[in-house]
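Some notes on the structure that comes next.
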Number of protein chains: 2
Amino acid sequence: MTDIPAKRKLTIEDVARQAGVSISTVSRVMNNTDYIADATRRKVQDAIDALDYRPNALARGLKQMKTDSIGLILSDLQNPFWLMVLEGIEDACQEAGYSLLILNSRDDPEKEGKNIKEFLMRQLDGIIINPASEDNPLFAALAAEAFPLVFLNRRVKGVEVDTVVADNFKGTMLAVSHLAALGKNRIAIFLYPANGISPRQERLEGYKQALAAHGLETDPALIKIVETKEDCLAAMKQLLSGSGKPDAILSTNNRLTLEILDALGTLNIAVPQDIALLGYDETEWSKHLNPPLTTIRQPAYEMGREAAERLILAIAAKRRGETMQPVTVQLEPTLVIRESCGEILQ
Amino acid sequence: MTDIPAKRKLTIEDVARQAGVSISTVSRVMNNTDYIADATRRKVQDAIDALDYRPNALARGLKQMKTDSIGLILSDLQNPFWLMVLEGIEDACQEAGYSLLILNSRDDPEKEGKNIKEFLMRQLDGIIINPASEDNPLFAALAAEAFPLVFLNRRVKGVEVDTVVADNFKGTMLAVSHLAALGKNRIAIFLYPANGISPRQERLEGYKQALAAHGLETDPALIKIVETKEDCLAAMKQLLSGSGKPDAILSTNNRLTLEILDALGTLNIAVPQDIALLGYDETEWSKHLNPPLTTIRQPAYEMGREAAERLILAIAAKRRGETMQPVTVQLEPTLVIRESCGEILQ
DNA sequence: GTGAAAGCGCTAACAA
DNA sequence: TTGTTAGCGCTTTCAC
């Protein structure tokens with residue numbers, strides 16, 4: 001194979017020479033600052049086009065102390081919920097002329113820390129993060145220096161940072177009310193272990209309060225915290241073997257819903273005939289499950305968009321030397337009724 | 001709210017002053033080059049830790065002409081297939097000490113071009129791309145200057161670039177053979193419109209050849225190209241109303257499979273009793289559909305890992321001044337048998 | 001072993 | 001309206 005010579009990278013100087021002007025003039029037409037004679041502008045633009053020149057973002061960012069890009073740290077790219085969120089973020093960024101970099105913490109606080117540092121070293125203008133930990137000292141440090149930061153989907157106590165969440169409390173309230181209205185009075189709830197920061201706590205709380213509001217009492221035996229698929233099956237067996245069997249199950253996560261469905265199938269329990277099942281988070285396949293799943297829908301796209309827009313606002317404010325008071329925005333979930341709780345789909 | 005003064009960013013100079021050494025010494029301990037007295041190294045490290053200093057990646061990259069990061073351009077983040085691919089890429093990057101930046105072309109050639117330019121301006125060391133177009137002049141340009149580049153999941157004709165794909169031809173061959181072995185002889189295939197570059201062409205070709213190999217003839221009426229959900233339903237109606245009804249359907253995309261399932265449901269056709277259904281791509285929910293779906297599984301994780309590893313190799317080679325001969329790696333799909341084609345799951 | 005200084009490619013005063 | 005020049009924060013010769 002021929003050894004292709006590594007063509008030296010084009011710089012602003014090459015353009016300047018080609019156009020017969022100084023490098024500052026080239027810079028000016030690229031950045032559209034100052035007045036430039038039309039003829040000059042044309043010459044320069046022609047040179048840029050002819051050479052197919054693209055400015056070095058590193059050099060530009062170094063000088064300007066900004067990169068016009070923001071970072072997103074997600075904790076679970078596998079969850080389809082986040083894909084919808086991502087779309088909202090992408091759209092907002094695109095509209096504002098920001099690029100978006102994505103990193104995955106896999107819900108590991110250590111990896112999360114590395115990801116944040118990575119973004120800081122890259123001089124990103126701001127960060128949106130779905131926090132994996134609630135005591136990361138970096139959070140406080142960033143908040144202290146008013147670094148543009150938005151928490152998404154999870155609240156972190158003790159730090160004042162812009163936060164965009166769904167009303168998880170209301171989510172399970174909606175779910176329980178729906179179930180209660182259908183005459184269910186032994187409603188079990190399944191959760192993955194909460195890590196202290198997750199919306200799952202709020203969802204559990206909403207469940208309890210909704211029960212109380214409907215005159216039902218909270219039976220600890222109906223609260224199942226499972227970690228693995230096997231846990232889930234074991235918990236289900238136990239639940240169905242005792243005396244006070246549940247007549248409905250509330251799942252708090254869409255993967256967990258699949259595991260519950262598996263367990264139910266294994267145990268030959270029919271949904272919704274034998275038991276009602278209500279899931280959290282709409283997904284592409286919610287309506288294709290057997291039976292089509294009644295779910296709590298979170299406004300994922302809107303959450304993403306809101307988070308990105310707030311962040312971009314904060315970045316702009318900081319450039320003007322202002323500091324915005326952090327706020328928490330809470331968006332409302334809705335109930336999507338299908339067949340898994342006993343209703344007939346029209 | 002108090003106006004927090006934007007703390008001036010720490011630089012290598014601050015560390016040098018704190019440690020009582022020159023900035024070059026600080027640079028040396030950070031980069032682990034040269035010999036450094038243990039005492040000096042410790043002093044510097046202490047200063048770095050004390051100040052919580054993080055080097056500016058822009059400055060460093062500008063000087064070193066490299067960023068130790070690679071870019072990934074995906075065409076459809078919504079497809080769960082890509083999430084598995086992504087995991088493989090992430091793992092490989094992490095192991096090699098590279099960071100990964102992700103951009104989304106949404107299968108739009110124009111956006112794809114912008115994404116590539118964005119990455120080039122950022123001086124990324126290499127790019128993995130799931131091409132959205134086959135005639136992007138940038139491809140040839142990059143190939144010509146031996147820029148580290150890997151095509152993923154789709155081949156592009158006319159340019160010599162490292163490519164990692166699944167054997168789509170074999171995928172549909174497997175599918176058709178399975179169906180034929182079950183006695184099906186009117187096998188329909190559903191595809192989204194191919195954009196000239198997509199694996200769908202190869203999948204269609206595999207379908208035709210497999211039919212021939214099994215002594216079945218290709219009936220154009222059984223090849224359905226649909227764009228929307230409505231198309232899908234219409235096509236299905238037409239298919240089932242005619243004389244030569246199909247006894248099996250081969251879907252070539254996992255979202256399309258959901259649409260097919262919807263259409264079948266609407267038309268009251270039972271799977272697998274009335275018709276067999278075989279899907280392409282394993283997903284988390286394949287086995288939870290009604291009925292559990294028999295699918296062609298692509299080695300998604302492995303594809304991602306392979307692509308990233310090849311790219312990183314190419315980057316290293318280029319740094320040594322060598323040029324690697326581009327190769328195409330083709331990984332093998334497998335058949336995952338469940339219940340949607342009539343088998344009984346044990 | 002360590003420091004001084006040049007420069008990576010660009011932007012933004014400051015002059016002209 | 002345009003050119004000259006001083007850095008942005010870092011790495012890397014080249015001296016010592």
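Scope of the values below: all heavy atoms of this structure, side chains included, with no hydrogens, waters or symmetry mates. Within every chain, numbering begins at 1; the chains are lettered A, B, ... in the order of the sequence lines, protein sequences first and strands thereafter.
- At a threshold of 4.0 Å, the pair B/Asp125-B/Arg319 counts as salt-bridged, since one of the basic side-chain nitrogens sits closer than that to a carboxylate oxygen.
- With salt bridges taken as basic N to acidic carboxylate O contacts below 4.0 Å, none links A/Arg54 and A/Asp14.
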### side-chain hydrogen bond (donor to acceptor under 3.5 Å, both in side chains) evaluation trace for A/Ser24 with A/Ser27
CA-CA 5 Å; A/Ser24 30; A/Ser27 172; over 6 Å; no
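- At a non-hydrogen distance threshold of 4.0 Å, B/Ile36, B/Ala37, B/Thr40 from residues 36-52 of chain B come into contact with DNA chain C.
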### Query
How does each nucleotide of nucleotides 9-16 of chain C score, in 5' to 3' order, for protein heavy atoms under 4.0 Å: base (B), sugar-phosphate only (S), or none (-)?
BBBBBB--
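- The residue from B/Glu306, B/Glu309, B/Met303 that alone fulfils the side-chain contact (heavy atoms from CB on, under 4.5 Å) condition with B/Val329 is B/Glu306.
- There is a side-chain donor-acceptor pair under 3.5 Å between B/Arg155 and B/Gln330.
- Taking every heavy atom of both residues into account, B/Ala92 and B/Ile312 meet most closely at O-CD1, 4.0 Å.
- We find that A/Asp91 and B/Arg106 are joined by a salt bridge, their nearest charged nitrogen and carboxylate oxygen being less than 4.0 Å apart.
- Listed pair A/Thr25 / D/dG3 meets the phosphate criterion, a side-chain N or O lying under 4.0 Å from OP1 or OP2.
- Under the 3.5 Å distance criterion, with hydrogens and angles disregarded, a donor-acceptor pair is assigned to the side chains of B/Asn130 and B/Ser75.
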